[in-house]
> 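Here it is: the structure, laid out below.
Treat the numbers as computed from the prediction; the structure is a model and nothing was measured. Every heavy atom of this structure was used, including side-chain atoms; hydrogens, water molecules and symmetry mates were not. Remember, it's 1-based here, ligands and their atoms both numbered in the order they're listed.
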Amino acid sequence: MSDPANKPDASGVRATFSLPVGPGFLHASAVVPAGRTTLTELLPIIRSLDDAIVGRAGQEASAAGSPISCGPGCGACCRQMVPLSLFEAEALAAWLRSLPEERRAVLEERFHRALLALRDAGVMDKILSDNWAAGGEAAAELAVDYFHAGVACPFLENESCSIHPIRPLSCREYLVTSPPELCRDPAVHAVAGVQLPLRLSGALYAFGRQMEQDPRGWFPLVFLLAWSRSDAHPGEKVAGTGEEVLRAFFERLAATGTAETAEAPSEATAEQAEAP
Ligand code: SF4
């Protein structure tokens, strides 16, 4: 699947970096544009790195006797309220605009229906009230109400993600180890998941909070279509050479506190996060 937000500069440079992940380091390299780019344009690299972190966390969970139970054809978690960063929204909005008219119309209809279903279930008023923005009990209650409304993500088709290669980081980072049937109602059953040592999504939300003075730095994915009509370009506010933008991203990642959860590094582990 092509991603129109990713336009690699012909004169790319290789950036190498090491991130403390769990008991070791994740060493990665990526070809980034030598010239001006934006955080949104670097999303393919960030997704690739996220996949490397998530993949390794999955392997460690398996080795510890708790393999990931998520699998093809199970879209239970795709009925939750999915956080979407502003930068991922920009990329997905561009991708939506690039679709053939017929396909775009199908997806737009699903977004409309999802919003109407949330309204009819009484959830839309709660989302718009914004008293859940700071988290806590109101946010937990909204999460349960949203799930109980049973509104599938507009990108879910035959219980599979139709945008799998460009799905949001929040979807990539959701790893369940308990039996899949428990996901039918996480409000009733205790769903066990993998705690990632680094959540790259957190850094994207942190940039969003700084830029928009929004307490969350993200919005529910179900609002993507409406948001895309604002023609906003948040990536332009985090721009520079590829190396500068990537460095700014990692600095923000460290500042979100997720990096500090990694324990003291041991022997290096080699993985690659190559630009696709
Ligand atoms: S984007 Fe894909 S993985 Fe994420 S909630 Fe939607 S269908 Fe599920």
> Examine distances only and state if a side-chain atom of R36 and a backbone atom of T241 form a donor-acceptor pair shorter than 3.5 Å.
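No, the answer is negative, given that no donor and acceptor are paired below the 3.5 Å cut-off.
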
> Restricting to under 2.8 Å, identify the protein N, O or S atoms around atom 6 (Fe) of ligand 1 as residue plus atom.
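Correct list: C153 SG.
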
> Among E173, E88, R172, which one satisfies side-chain hydrogen bond (donor to acceptor under 3.5 Å, both in side chains) with S201?
E173

> If you round to the nearest 0.5 Å, how far is CZ of R110 from CG of L156?
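So the gap between those two atoms works out to 8.5 Å.
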
> Locate the shortest heavy-atom distance separating A15 from V32; write the atom from each residue and the value.
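In terms of heavy atoms, the two residues are closest at CB-CG2, 4.2 Å.
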
> Are F155 and F111, when compared by the centres of their aromatic rings, separated by less than 6.0 Å?
yes

> Sub-3.5 Å donor-acceptor pair from the side chain of W132 to the main-chain atoms of I127, do we have one?
yes

